[in-house]
Amino acid sequence: MSTTTTTAPSGGARAAAATADYLDQRTGVGKAVKEFARKIFPDHWSFLLGEIALYSFVTLLISGVFLTMFFVPSMTEVHYDGPWRELQGVAMSEAFASTLRLSFEVRGGLLMRQIHHWAALIFMAAIVTHMMRVFFTGAFRKPREINWVVGFVLMILGLAAGFSGYSLPDDVLSGNGLRITDGVVKSIPILGSYLSYFLFGGEFPGHDIIPRLFTVHILLVPGLILALIALHLFLVVLHKHTQYPGSGRTNANVVGFPLFPVYVAKAGGYFFLVFGVIALMGATMSINPVWNYGPYDPSPVSAGAQPDWYMLFLEGSLRMMPGQLEYMIGDYTLSLNVLIPAMVVPGVLFMLLALYPFVEAFATGDKREHHVLDRPRNRPYRTAFGVSVLVAFFILVLAGSNDLIATHFHLSINDITWVFRFLLFLGPWASFVVTKRICLALQRKDRELVLHGHETGQIVRFASGEYIEVHKPLDAHERWLRVQHEAIRPLEIEPAEDSRGVRRKGYRADALRQRLSRVFYEDRIEPVTPAELEAAHSHGDHDALGSDQEKAPAELLAGGAPVGGGTHLVAGPSDETGPDARNS
């Protein structure tokens with residue numbers, strides 16, 4: 001006989017329940033919360049990259065509110081009289097003076113400044129790595145193309161937020177960055193000078209740029225980022241989360257844990273972990289010490305002056321461009337030496353990134369929904385293309401630090417610049433070819449493993465004198481992982497003319513799609529078919545002798561220790577539709 005003991009709810013619990021009931025009756029939010037709490041999310045470390053970006057942004061908002069209370073966004077000239085003796089009596093803008101006051105006189109101000117700056121760097125790094133994960137696994141495919149564009153715009157807004165915030169202190173580095181911006185804007189044909197006047201409120205630097213950047217930095221860009229983050233998360237919930245390929249995972253399900261309570265607890269703890277790491281970096285690693293640079297003055301530009309890492313690619317592009325590409329057309333100067341590196345090169349890189357999902361969908365003609373991610377090796381062209389873009393980006397980043405490379409390694413800066421110029425053309429091409437070959441080789445390895453199993457390194461001699469090498473067959477889970485992908489083949493189109501010799505409408509568009517499809521998928525390795533697998537497991541006369549080869553591995557592997565497939569090999573699985581602990 002069992003007894004049940006009930007405990008009366010506490011006063012706090014009754015108050016919370018009453019409050020929830022009051023709100024639910026008036027808003028109907030209970031149903032939405034219940035539905036959202038049951039949402040299933042897969043578990044994989046790479047999904048945390050997006051969360052790092054989100055939590056870094058929250059850290060930016062918290063620290064930014066603090067800094068806003070003390071920063072003065074004004075270009076009015078004052079003379080510094082604070083505790084930093086090296087600058088006492090020096091004329092500077094109120095923006096720079098308030099930055100010094102934040103750093104040396106406001107309690108906790110320097111810590112907040114450094115937390116804000118480190119959070120901005122980590123925010124951009126998390127966005128870029130998150131987009132790399134999405135790109136290389138094909139998570140941008142239907143129905144997530146719009147969400148890819150939302151993420152891309154978030155990255156652009158992150159660049160705008162970083163640049164506008166970096167420029168606010170009005171120190172030497174930020175002032176030089178603004179001067180470069182002024183030059184880039186003026187290089188735009190016809191509209192350049194008008195746009196510069198509009199941006200700076202007259203001749204550079206003017207008195208309007210810092211107040212305008214302040215409004216952009218604390219109001220316009222954060223508001224847009226918040227709105228797009230909300231849209232981004234809404235689309236994630238609407239489309240359900242993607243998942244990595246594995247046993248029992250299909251486009252019709254999601255294998256993972258519910259949002260409540262598992263992910264609520266994880267996300268809460270993870271936020272404090274991210275915030276703690278950023279706070280530790282802000283407390284122990286000095287960043288952007290503006291008092292060492294002084295207020296903006298166009299004369300003291302020196303080596304070692306670099307922007308934050310996410311803008312280095314633009315700096316590198318400008319540094320590599322030969323200066324001879326400047327032409328006089330009448331009284332007008334056409335500055336291709338600025339226009340090409342600062343507008344054309346970034347424009348090409350960003351357009352390739354933004355439009356790729358639509359180009360790939362056009363090349364495949366695939367209109368189905370995809371919720372299971374690709375293994376990068378199974379999409380050689382996409383993987384190689386992504387790596388080549390990354391190589392071009394990193395070459396530009398390194399070129400933006402050519403002066404530091406020259407001073408640290410005692411090399412000629414001219415030689416370094418020429419090397420980077422060649423690398424910018426050769427590096428992406430070489431990395432594309434090498435990456436594609438590696439992907440195809442990995443696919444061939446998958447075929448060999450599925451057909452012949454893992455090598456054990458043991459040789460068996462039969463009574464007839466024949467030697468064979470013992471292979472351990474793949475278990476069902478591993479075999480499924482290596483053969484589950486589709487073999488996408490180049491598109492076939494109808495002839496240009498019908499049976500009556502009339503040219504078919506739309507043929508030119510189809511021909512373009514076919515050529516593009518061949519570029520993407522002409523080089524491929526077909527996954528193993530069931531017939532090939534059956535043929536590979538048949539050993540002819542050896543089967544008639546009692547399948548000695550099939551028995552040999554199990555008998556010869558000492559102690560049944562797993563061979564190949566990693567330390568997580570599951571012994572004895574027989575059904576690839578069941579859950580597999582290795583892939584969770």
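Quick caveat: nothing in here was measured; it's all calculated off a predicted structure. When reading the values below, keep in mind they use all heavy atoms of this one structure, side chains included, and skip hydrogens, waters and symmetry mates.
Salt-bridge check for Arg368 with Glu486: passed, with a basic side-chain N closer than 4.0 Å to an acidic carboxylate O. Taking 4.0 Å as the cut-off between side-chain N and carboxylate O, Asp510 and Arg504 count as a salt-bridged pair. Salt-bridge formation is not detected for the pair Glu526/Arg447: no Lys NZ or Arg NE/NH1/NH2 atom is positioned less than 4.0 Å from an Asp or Glu carboxylate oxygen.
Distance alone, capped at 3.5 Å, is enough to place a donor-acceptor pair between the Thr364 side chain and the Ala361 backbone. The backbone N or O of Leu235 lies less than 3.5 Å from a partner atom in the side chain of His239, making a donor-acceptor pair.
Nearest heavy-atom pair across Trp309 and Val397 is O-CG2, 4.4 Å. Residues Pro189 and Leu334 approach most closely at CG-CD1, 4.1 Å, considering heavy atoms. Across Thr250 and Gln243, no two heavy atoms sit closer than the pair O-NE2, 3.1 Å. Taking each heavy atom of Phe313 and Leu396 in turn, the nearest pair found is O-CB, 3.6 Å. Minimum heavy-atom separation, Pro307 to Leu312: CD-CD2, 3.9 Å. Minimum interatomic distance between Arg144 and His371 (heavy atoms only, all atoms of both residues): NH2-ND1, 2.9 Å.
In this structure, Asp446 and Leu442 have side chains that are not in contact, with every pair of non-hydrogen atoms separated by 4.5 Å or more. Two residues are said to be in side-chain contact when any heavy atoms from C-beta on lie closer than 4.5 Å; His117 and Tyr166 meet this criterion. Here the side chains of Met155 and Leu353 are in contact, with some heavy-atom distance below 4.5 Å. A heavy-atom distance below 4.5 Å is not found between the side chains of Leu390 and Phe135. The side-chain heavy atoms of Met131 and Trp148, taken from C-beta on, include a pair separated by under 4.5 Å. Contact of the Glu315 side chain with the Ile180 side chain is registered, since non-hydrogen atoms from C-beta on lie closer than 4.5 Å. Using a 4.5 Å cut-off on side-chain heavy atoms (C-beta onward), Val274 and Glu51 make no contact. The closest side-chain heavy-atom distance from Pro380 to Gln443 is below 4.5 Å.
One finds the OG1 atom of Thr417 at 9.5 Å from the CG atom of Asp403 (value rounded to the nearest 0.5 Å). To the nearest 0.5 Å, atom CG of residue Leu61 and atom CD1 of residue Ile225 are 8.5 Å apart.
In Ile329, the CD1 atom is crowded: over 12 heavy atoms of neighbouring residues, nucleotides or ligands sit closer than 6.0 Å. Under a cut-off of 6.0 angstrom, the local environment of CZ in Phe271 is crowded, with over 12 non-hydrogen atoms contributed by other residues, nucleotides or ligands. With a 6.0 Å radius and a threshold of 12 heavy atoms from other residues, nucleotides or ligands, Phe422 has its CZ atom at or below the threshold. Residue Met351 qualifies as open at atom CE: its count of foreign heavy atoms under 6.0 Å is 12 or below.
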Test salt bridge (charged side-chain N to carboxylate O under 4.0 Å, His left out) on Arg382 and Asp374 and set out the steps.
-> CA-CA 11 Å; Arg382 180 202 299 158; Asp374 287 329; 3.1 Å; yes
CA sep, side-chain torsions, deciding dist, call: Lys39, His241, side-chain contact (heavy atoms from CB on, under 4.5 Å) = CA-CA 9 Å; Lys39 207 73 181 176; His241 208 294; over 6 Å; no
Take Phe152 and Phe350, measure what side-chain contact (heavy atoms from CB on, under 4.5 Å) needs, and give me the verdict at the end.
-> CA-CA 9 Å; Phe152 171 78; Phe350 287 144; 3.8 Å; yes
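If you run ring pair (Phe, Tyr, Trp, His ring centres under 6.0 Å) between Phe123 and each of Tyr55, Phe57, Tyr310, only Phe57 comes through. For the pairing with His232, the side-chain contact (heavy atoms from CB on, under 4.5 Å) check across Ile146, Asn147, Leu54 returns one residue only, Asn147. Under the ring pair (Phe, Tyr, Trp, His ring centres under 6.0 Å) test applied with Phe200, the options Phe198, Phe204, Tyr197 reduce to a single match, Phe204.
His370 and Asn251 form no side-chain donor-acceptor contact under 3.5 Å, judged by distance and modelled atom types alone. With no hydrogens or angles considered, no side-chain donor-acceptor pair links Asp523 and Tyr381 at under 3.5 Å.
Annotation: cation-pi pair Arg513/Phe362 present, NZ/CZ under 6.0 Å from the ring centroid and within 45° of its normal.
A centroid separation of 6.0 Å or more is found between the aromatic rings of Phe47 and Phe41.
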